[in-house]
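Chain letters run A, B, ... following the sequence lines, proteins first, then strands; residues in each count from 1.
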Amino acid sequence: MEQKTDAKTERYNPQETEQKWQARWAADGLHDVDLRAPGDKFYFLTMLPYTSGDLHVGHWYAMAPSDAGARYQKMRGKHVFFPIGFDAFGLPAENAAIKRGIHPRKWTYDNIDRMRSQLRSMGTMFDFSHEAISADPEFYRWNQWFFVKMFERGLAYQRMAPANWCPKDQTVLANEQVVNGVCERCGTPVIQRDLKQWFFRITEYAEELLDFSKVQWPDPIATMQRNWIGRSEGLEAGFDLDVPGVDEEEIRVFTTRPDTIFGVTSMVLAPEHPLVPKITTPEQKVKVEAYIDQARRKTEIDRLSTERERTGVFTGAYCVNRFNGERNPIWIADYVLLWYGTGAVMGVPAHDTRDFDFAKKMGLPIPVVVAPPVWDGSPLEEPYTDPGTMVNSGRFDGLPSEEGKAAVIAFAEEQGWGQRRITYRIRDWLISRQRYWGTPIPIIHCPKDGPVAVPEADLPVVLPDDAEFAPTGESPLAKHEGFVNAKCPKCGDPGRRETDTMDTFMDSNWYFVRYLSPDYHDAPVDPSLAERWLPVDQYTGGAEHAVMHLLYARFFWKVMRDLGVVKGDEPFTRLFNQGQLLGPDGQRMSKSRGNVVAPDDQVAKYGADTFRCYLMFIGPWEEGGPFRLDGISGVERWLNRAWNIVLTEPPSGQADEAGAKALGRLTHQTVKRVTEDVEGFRWNTAIAGLMEMVNGLSRARESGLVDAAAWSDAVQKMILMMAPLAPHIAEELWFRAGGAYSVHQQQWPTWDEELLRSDEITLVVQVNGKVRDRIEASAGISEDAAKALALASEAVLRHLDGKTPRKVIYVPGKLVSIVV
RNA sequence: GCCGAAGUGGCGGAAUGGCAGACGCGGCAGACUCAAAAUCUGCUGGGGGGUAACCCUCGUGCCGGUUCAAGUCCGGCCUUCGGCACCA
């Protein structure tokens with residue numbers, strides 16, 4: 001710490017400094033990690049960017065703090081792996097390619113080149129030597145390998161499922177290509193059409209996915225995932241069919257309210273329910289068929305919209321409630337979903353809001369079977385959906401709802417009418433996409449053997465570059481003769497390759513596993529590296545991924561575990577979801593709104609350090625919020641002030657003991673504060689703490705003589721704490737202050753609790769809860785002395801107004817509260 | 001409707017139940033300068049009182065409650081944002 005520079009002649013030049021160190025770091029491979037080197041591993045992962053073009057401020061908002069977190073862990077002595085890759089498959093590449101007449105591959109890889117250089121300009125410690133790109137055959141080959149393994153185990157299967165279909169373009173549309181129910185390209189109303197599609201059996205893991213006991217995740221995220229999985233317990237029971245000439249004997253129904261089973265007045269089936277055509281009476285046939293046809297035309301979003309008036313049609317058939325022998329009409333209605341429960345709902349008007357509205361409208365009876373706590377037996381004015389006491393329910397009368405549920409289920413099981421059942425809201429994951437730019441599904445359809453998996457030795461099934469991916473009305477790969485025609489791996493007869501590609505969420509399921517060994521050829525991941533480095537210790541990413549990506553990735557991890565690829569039950573031990581950075585207008589940033597802030601301009605103007613620190617300073621990371629440039633000069637000033645502090649040492653000499661002690665206290669207090677804030681990703685307050693330290697050092701310098709040792713210690717620690725946040729200027733200052741290269745290989749400073757303590761404290765004195773005085777006292781003051789001091793205060797005496805205190809409360813080292 | 005998050009100065013925001021507004025922006029005043037920029041210093045929630053140091057009072061979306069003490073805890077609302085949307 002000897003070197004001095006004349007700061008009066010030199011100002012901090014961010015552009016020059018940043019370029020210099022970035023070049024040096026790259027040349028030294030400072031951030032290339034040897035995963036086999038010894039050390040206490042820490043896998044710090046940030047969600048990989050989609051290759052949409054330029055990096056925008058949102059990427060910086062996500063990545064700069066992650067980088068700071070990774071750098072901090074490294075300074076804490078961890079062996080840190082902080083990789084980066086690119087999510088490169090997907091619809092936007094196809095759209096952009098169609099629009100601009102460039103091949104999706106070229107568009108994507110050009111974007112990657114640009115994003116890579118932008119990422120480097122941020123000054124991150126990303127390890128580019130372990131990069132993975134999902135559109136590389138060496139990556140997606142393992143998507144296919146996983147698919148084959150899952151197919152063999154029955155975890156990947158095919159069934160009919162509706163897809164958005166544009167009748168004019170004769171093509172399948174993704175949800176985002178459907179705008180207000182019409183095709184975004186030609187405006188034709190979109191219909192639902194059944195196609196044979198591939199699914200992953202995520203429901204197999206539903207129960208395990210509900211368990212968050214093995215991870216440290218924020219509660220709201222766990223709650224959202226639990227709601228998404230939507231476990232509910234209830235009774236599945238049969239109602240006797242009372243339809244002449246029909247072989248089936250019963251309708252299976254699922255209910256979470258078995259305690260209301262005596263209040264059933266109707267049965268409602270999904271329009272697609274297989275029983276519907278069988279039970280519909282000839283008189284009702286025309287109406288029913290028209291209704292089914294109509295339902296078919298609606299997208300699921302329309303169908304489930306609560307805005308819509310509820311509709312339904314009577315089938316003409318009846319069924320019998322085994323509990324009370326009552327005959328109930330059977331309806332169909334499109335609000336009943338075939339895939340949830342049993343595709344049949346019992347109508348209980350008294351205790352279900354939508355059944356109540358329907359019965360009221362139709363003038364149907366509304367028998368009460370669960371009595372509210374206060375109820376005189378008169379008809380209900382509104383549905384009663386809370387727990388109560390069972391009435392009009394035969395042998396179950398008088399039971400409270402919860403007990404009643406169990407009793408009804410037990411009775412049903414005894415009688416052989418039904419059984420306890422758990423259902424989940426979550427559905428199996430539809431992974432088929434009728435698109436070009438994705439991982440080909442490695443299946444060959446043989447007329448004789450059906451769908452046959454492509455043998456492992458033949459993987460990858462390479463996505464051909466010369467497909468016609470422009471929209472023509474057919475799946476792009478389906479027209480590529482060279483791709484489609486393939487021999488059945490089983491019998492050698494001519495077969496047809498599957499032409500669907502995989503949902504791109506497949507790529508994000510496991511990319512972080514591939515990062516460990518992106519060139520490994522014998523398995524998705526080198527087992528020895530997987531063993532050592534997984535699971536991920538800290539994952540960060542946008543809150544918008546709270547459910548979909550994070551749930552799919554957990555599911556897929558469990559699949560990988562069961563395949564023996566990885567060990568342990570969860571992929572991400574700790575999770576942090578940052579909020580969304582909005583445009584200056586408070587709206588979500590988008591090109592069409594014209595509110596996208598380009599980071600490159602800001603970096604050119606202020607430098608990367610200022611810009612990344614500003615993004616961390618604007619507010620709590622988890623909250624996100626509108627991005628305005630208003631306050632960036634504050635951060636710029638802070639870094640410049642820090643620069644000046646380091647480069648111009650104060651007049652040194654023998655300062656008084658109190659001054660040295662005060663400076664030491666400031667240093668240790670700041671180390672404690674900043675350490676705790678950085679641990680909790682509270683960047684805004686961490687930076688505020690460092691700003692205060694600079695202010696404190698400035699004041700100390702102004703005051704004249706400063707203890708040289710205390711000053712040097714303070715400055716050194718300050719630079720170290722700045723290093724994760726502002727890596728370039730910290731490196732330069734460290735160098736100027738005579739520190740050894742690199743600041744990023746130094747140890748994070750520690751603090752001494754002893755040195756935090758001040759000799760003097762400020763006692764706050766309250767009278768009847770209001771602050772009336774502040775008294776300086778020695779830190780070791782006794783309770784009695786503190787109380788005496790407070791009671792002697794002039795301000796207190798004034799407010800006591802001659803009265804005797806009833807009570808005096810003492811909070812050690814802080815406050816005396818007097819009650820009159 | 002359900003689930004989740006959040007409401008604090010002109011603005012971004014700080015506050016283990018213990019001095020509300022740290023830190024920063026902006027603003028005002030001053031220093032430096034021929035001048036400006038940059039930099040530095042001081043002040044800056046509203047209202048009232050005092051020549052002044054200061055003092056009083058109101059104040060964290062709204063209404064209640066608990067407590068010596070509430071931005072913070074409890075009950076009930078209102079608003080905004082995000083997610084899911086008839087889940088039987």
Side-chain angles (χ1 to χ4, degrees), chain A residues 8 11 218-224 226-228 230-232 234-235 253-257 260 268 270 300-301 303-308 310 333-337 339-348 352-355 357 423-427 543-544 546-548 577 579-580 582 586 588 614 617-620 622-635 637-638 640-641 644 673 682 684-692 694-695 698-699 702 762-774 795 798 805-811 813-820:
Chain A
K8 285 194 182 97
R11 280 181 51 76
D219 285 340
I221 309 296
T223 305
M224 279 165 85
R226 277 198 208 95
N227 289 344
W228 182 272
R231 180 185 199 272
S232 49
L235 167 71
V253 67
F254 174 73
T255 178
T256 53
R257 292 295 305 273
T260 64
V268 190
E300 185 158 353
I301 294 155
R303 232 174 106 166
L304 297 182
S305 165
T306 37
E307 306 296 310
R308 225 164 40 84
R310 245 167 233 138
D334 62 6
Y335 70 83
V336 180
L337 308 170
W339 56 265
Y340 186 80
T342 59
V345 180
M346 55 188 220
V348 185
D352 180 283
T353 313
R354 48 174 204 264
D355 293 342
D357 293 344
T423 57
Y424 300 92
R425 198 195 85 112
I426 193 171
R427 284 185 268 179
E544 66 273 22
V547 178
M548 301 271 275
N577 277 145
Q580 195 162 30
L582 305 171
R588 195 176 284 179
Y614 178 58
F617 184 64
I618 51 176
E622 67 267 32
E623 280 173 28
F627 177 77
R628 296 190 186 90
L629 274 167
D630 298 8
I632 196 167
S633 52
V635 173
R637 282 177 200 147
W638 161 55
N640 279 318
R641 282 160 62 89
N644 290 332
R673 253 183 94 171
R682 293 183 295 270
N684 55 333
T685 49
I687 290 173
L690 287 166
M691 284 174 168
E692 284 185 64
V694 168
N695 294 344
S698 286
R699 268 194 299 275
E702 294 294 313
T762 304
L763 266 186
V764 172
V765 184
Q766 297 181 339
V767 177
N768 283 342
K770 287 191 173 147
V771 178
R772 295 305 180 185
D773 203 1
R774 300 174 183 91
R798 198 164 62 237
R806 282 195 291 126
K807 203 166 160 191
V808 181
I809 294 152
Y810 177 61
V811 180
K814 272 187 185 159
L815 148 151
V816 178
S817 183
I818 300 162
V819 191
V820 208

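- A sub-4.0 Å separation between OP1 or OP2 of B:C58 and a side-chain N or O of A:Lys770 is present.
- When distances are taken from the side chain of A:Thr762 to each of B:C19, B:C23, B:G18, the shortest belongs to B:C19.
- In terms of phosphate contacts, A:Lys807 brings a side-chain nitrogen or oxygen within less than 4.0 Å of OP1 or OP2 of B:C68.
- Look at the P atom in both B:U67 and B:U72: the space between them is 16 Å, to the nearest Å.
- Atom CD1 of A:Ile809 and atom P of B:G17 are 18 Å apart (whole Å).
- B:C40 and B:G45 have their C1' atoms separated by 27 Å, with the value rounded to a whole Å.
- The side chain of A:Asn695 places an N or O atom within less than 4.0 Å of a non-bridging phosphate oxygen (OP1 or OP2) of B:G24.
- Listed candidates were B:A69, B:C87, B:G4. Nearest to the side chain of A:Thr223 is B:G4.
- Rounded to the nearest 0.5 angstrom, A:Arg226 CZ and A:Arg425 CZ are separated by 15.0 Å.
- Contact annotation for A:Gln766: base contact, defined as any heavy-atom pair under 4.0 Å involving a base atom.
- When all heavy atoms are compared, the tightest approach of A:Phe617 to A:Ile687 is CD1-CG2, 3.7 Å.
- Within the model, atoms CZ of A:Arg231 and CD1 of A:Ile426 stand 14.0 Å from one another, a figure rounded to the nearest 0.5 Å.
- Rounded to whole Å, the P atom of B:C23 lies 29 Å from the corresponding atom of B:A36.
- When the nucleotides B:G24, B:G13, B:A22 are ranked by their closest atom to the side chain of A:Met691, B:G24 comes out on top.
- Atom CZ of A:Arg425 is separated from atom C1' of B:C2 by 11 Å (rounded to the nearest Å).
- At whole-Å resolution of the value, CG in A:Leu690 and P in B:C23 are 14 Å apart.
- Note: CZ (A:Arg774) to P (B:C54) measures 11 Å, nearest angstrom.
- With rounding to whole Å, A:Glu622 atom CD is found 15 Å from B:C81 atom C1'.
- Between B:C56 and A:Arg772, a contact under 4.0 Å exists linking OP1 or OP2 to a side-chain N or O.
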What would the secondary structure line of RNA chain B be in dot-bracket form, counting Watson-Crick and G-U wobble pairs under 3.5 Å, with [ ] for pairs that cross earlier ones and | for pairs with another strand?
(((((((..(((.....[....)))((((((.......))))))(((((....)))))..(((((..]....))))))))))))....

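- Using a 4.0 Å heavy-atom cutoff across all strands shown, A:Tyr424 reaches no nucleic acid atom at all.
- Put simply, CG on A:Leu582 and CZ on A:Phe627 are 12.0 Å apart, with the number rounded to the nearest 0.5 Å.
- The phosphate of B:C55 (OP1 or OP2) has no side-chain N or O of A:Arg798 nearer than 4.0 angstrom.
- With 3.5 Å as the limit, one finds a donor-acceptor pair spanning the side chains of A:Arg641 and A:Asn695.
- Rounded to a whole angstrom, the distance from the C1' atom of B:G64 to that of B:A15 is 25 Å.
- Distance OH/A:Tyr614 to CZ/A:Arg628: 8.5 Å, rounded to 0.5 Å.
- Rounded to an integer number of Å, the gap from A:Tyr335 OH to B:A88 P is 13 Å.
- Within 4.0 Å of A:Ser817, counting heavy atoms only, lies at least one base atom of the nucleic acid.
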Polar atom pairs (N or O), protein with nucleotides 26-30 of chain B, under 3.5 Å:
unit_1 : atom_1 : unit_2   : atom_2 : d
B:G26  : OP2    : A:Arg637 : NH1    : 3.4

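- Straight-line distance between the C1' atoms of B:A6 and B:G61: roughly 11 Å, to the nearest whole Å.
- Rounded to an integer number of Å, the gap from CH2 of A:Trp638 to P of B:A38 is 21 Å.
- The distance from the OH atom of A:Tyr340 to the CZ atom of A:Arg427 is 12.0 Å, given to the nearest 0.5 Å.
- Between the base of B:G82 and the side chain of A:Gln580 there is no donor-acceptor pair shorter than 3.5 Å.
- Comparing the P positions of B:G83 and B:C11 gives an interatomic distance of 26 Å, to the nearest angstrom.
- Applying the side chain to side chain contact (heavy atoms under 4.5 Å, CB included) test to A:Arg774 and every residue at least two apart in sequence or in another chain returns A:Thr762, A:Val771.
- Regarding contacts with the backbone of B:U39, every side-chain N or O of A:Asn640 stays at 4.0 angstrom or more from both OP1 and OP2.
- Residue A:Val771 is classed as a sugar-phosphate contact, given heavy-atom separations below 4.0 Å to backbone atoms only.
- Looking at A:Val820, A:Ile818, A:Val819 one by one, the single match for side chain to side chain contact (heavy atoms under 4.5 Å, CB included) with A:Arg806 turns out to be A:Val819.
- Both A:Val764 and A:Val345 lie close to RNA chain B; mapped to their nearest nucleotides by heavy-atom distance, the more 5′-ward contact belongs to A:Val764.
- Taking atom CD1 on A:Ile221 and atom P on B:C3, their separation rounds to 17 Å, with Å as the unit.
- Note on A:Pro626: nothing from the nucleic acid sits closer than 4.0 angstrom, heavy atoms only.
- Considering all non-hydrogen atoms of both residues, A:Val336 and A:Ala270 come closest at O-CB, 3.3 Å.
- Across every non-hydrogen atom of A:Asp355 and A:Met346, the tightest pair is OD2-O, 3.7 Å.
- Across the interface with RNA chain B, nearest-nucleotide mapping of A:Gly625 and A:Ala795 shows A:Gly625 to be the residue nearer the 5′ end.
- B:C74 sits 15 Å from B:U66 when the P atoms are compared, rounded to a whole Å.
- For the P atom pair drawn from B:G27 and B:C81, the interatomic distance equals 30 Å after rounding to whole Å.
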